[in-house]
Number of protein chains: 2
Amino acid sequence: MNGDPIKSFGLVIKEIRKSQGLSQESLATEANLDRAFISQVENGHKQPSLLTIFRLADALKLSVSELLKQVEAVLAGN
Amino acid sequence: MNGDPIKSFGLVIKEIRKSQGLSQESLATEANLDRAFISQVENGHKQPSLLTIFRLADALKLSVSELLKQVEAVLAGN
DNA sequence: TTGTAGACTGGCGTCGACT
DNA sequence: TAGTCGACGCCAGTCTACA
């Protein structure tokens with residue numbers, strides 16, 4: 001029930017970040033991104049570029065394919 | 001031997017497209033993208049956004065996670 | 001700690017045309 | 001068929017700041 005890949009991506013990022021007990025601030029630092037931008041992405045207000053997706057995956061310590069597999073799962077219907 | 005995710009992504013797209021006997025033109029049509037932009041991406045001159053990655057994966061008839069798994073394989077050393 | 005806002009720079013993605 | 005170029009509009013991503 002979530003046809004939007006951008007919103008789904010944000011949801012997954014937020015879930016994983018919280019599950020690791022990280023703040024947006026610390027995630028932003030690890031991924032070399034701006035904290036305000038992390039917030040926009042998590043709420044589906046901005047879509048990241050390829051490089052940013054890699055940076056986020058690295059910061060969350062999982063592979064890009066594993067990250068996007070979770071996005072696909074959310075897209076498939078949560 | 002290829003540390004650049006953007007170039008690796010381009011290589012994978014080009015390989016898969018050729019393996020399916022598609023032209024850049026037809027891939028661009030399927031993915032609702034510009035042919036010139038497909039060329040830039042395949043040669044690592046431009047990096048796609050999240051939405052564009054999904055469009056490309058769909059046009060190549062494979063999942064985003066599978067697509068990026070192949071990118072990771074190239075990154076890992078071909 | 002997070003969401004959001006405004007202003008800003010650089011780059012995504014389109015289009016037309018030429019090689 | 002594919003690579004590239006210039007011009008263009010729009011958005012990714014940064015920074016500062018406030019609730």
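Chain letters run A, B, ... following the sequence lines, proteins first, then strands; residues in each count from 1. Everything numeric here is computed off the predicted structure, so don't read it as measured data.
An end-to-end axis angle of 50° holds for the helix from dT2(C)-dA19(D) to dT19(C)-dA2(D), taken from five base pairs per end and rounded to 10°.
As a whole-Å value, the separation of D34(A) CG from dC8(C) C1' is 13 Å. Rounded to whole Å, the distance from CD on E25(A) to P on dT2(C) is 9 Å. If you measure from atom CD of Q24(B) to atom C1' of dT4(D), you get 11 Å, rounded to the nearest angstrom. In this structure, L22(B) places its CG atom 12 Å from P of dT1(D), rounding to the nearest Å. One atom, CG of L51(A), and another, P of dG10(C), lie 17 Å apart when rounded to the nearest Å. When rounded to the nearest whole Å, the span between CZ of F37(A) and P of dG11(C) equals 15 Å. Separating the CD1 atom of I6(B) from the P atom of dG10(C) is a distance of 17 Å, rounded to the nearest angstrom. Rounded to whole Å, the distance from CG on L50(A) to P on dC12(C) is 10 Å.
For dT2(C), one of the phosphate oxygens OP1 or OP2 lies less than 4.0 angstrom from a side-chain nitrogen or oxygen of R17(A). Look at Q47(A) and you'll find a side-chain N or O under 4.0 angstrom from OP1 or OP2 of dA12(D). Using a 4.0 Å cut-off, no side-chain N or O of T52(A) falls inside it from OP1 or OP2 of dA12(D). The side chain of K18(B) places no N or O atom within less than 4.0 Å of a non-bridging phosphate oxygen (OP1 or OP2) of dA2(D). Between H45(B) and dT4(D) there is a side-chain polar atom (N or O) within less than 4.0 angstrom of OP1 or OP2.
Contact check for I16(A) versus L67(A): side-chain heavy atoms found under the 4.5 Å cut-off. Here the side chains of P5(A) and L51(B) are in contact, with some heavy-atom distance below 4.5 Å. Using a 4.5 Å heavy-atom cutoff, the side chains of V64(B) and F9(A) are not in contact. Under the 4.5 Å side-chain criterion, counting only non-hydrogen atoms from C-beta, T52(A) is in contact with L56(A).
Side chain R35(B) to base dG3(D): a donor-acceptor pair is found below 3.5 Å.
When distances run from any side-chain atom of K14(A) to the nucleotides dG13(D), dT2(C), dG3(C), the shortest one goes to dG3(C). When each of dG13(C), dG3(C), dG13(D) is scored by its nearest atom to the side-chain atoms of K46(B), the top-ranked nucleotide is dG13(C). Here the nucleotide nearest the side chain of S39(B), chosen from dG13(C), dT4(D), dA5(C), is dT4(D). When distances run from any side-chain atom of L33(A) to the nucleotides dA5(C), dG13(C), dG13(D), the shortest one goes to dG13(D).
Residue-to-nucleotide proximity on DNA chain D shows that, of N32(A) and A36(B), the 5′-proximal contact is made by A36(B).
For the residue pair S26(B) / T29(B), no side-chain donor-acceptor distance below 3.5 Å is found, with atom types taken as modelled.
With respect to R55(A) and E30(A), no salt bridge is recorded, no charged nitrogen being found less than 4.0 Å from a carboxylate O. The residues K69(A) and E66(B) are annotated as not salt-bridged, no charged nitrogen and carboxylate oxygen being separated by less than 4.0 angstrom.
Formation of a donor-acceptor pair under 3.5 Å by the N43(A) side chain with backbone atoms of H45(A) is not found in this model.
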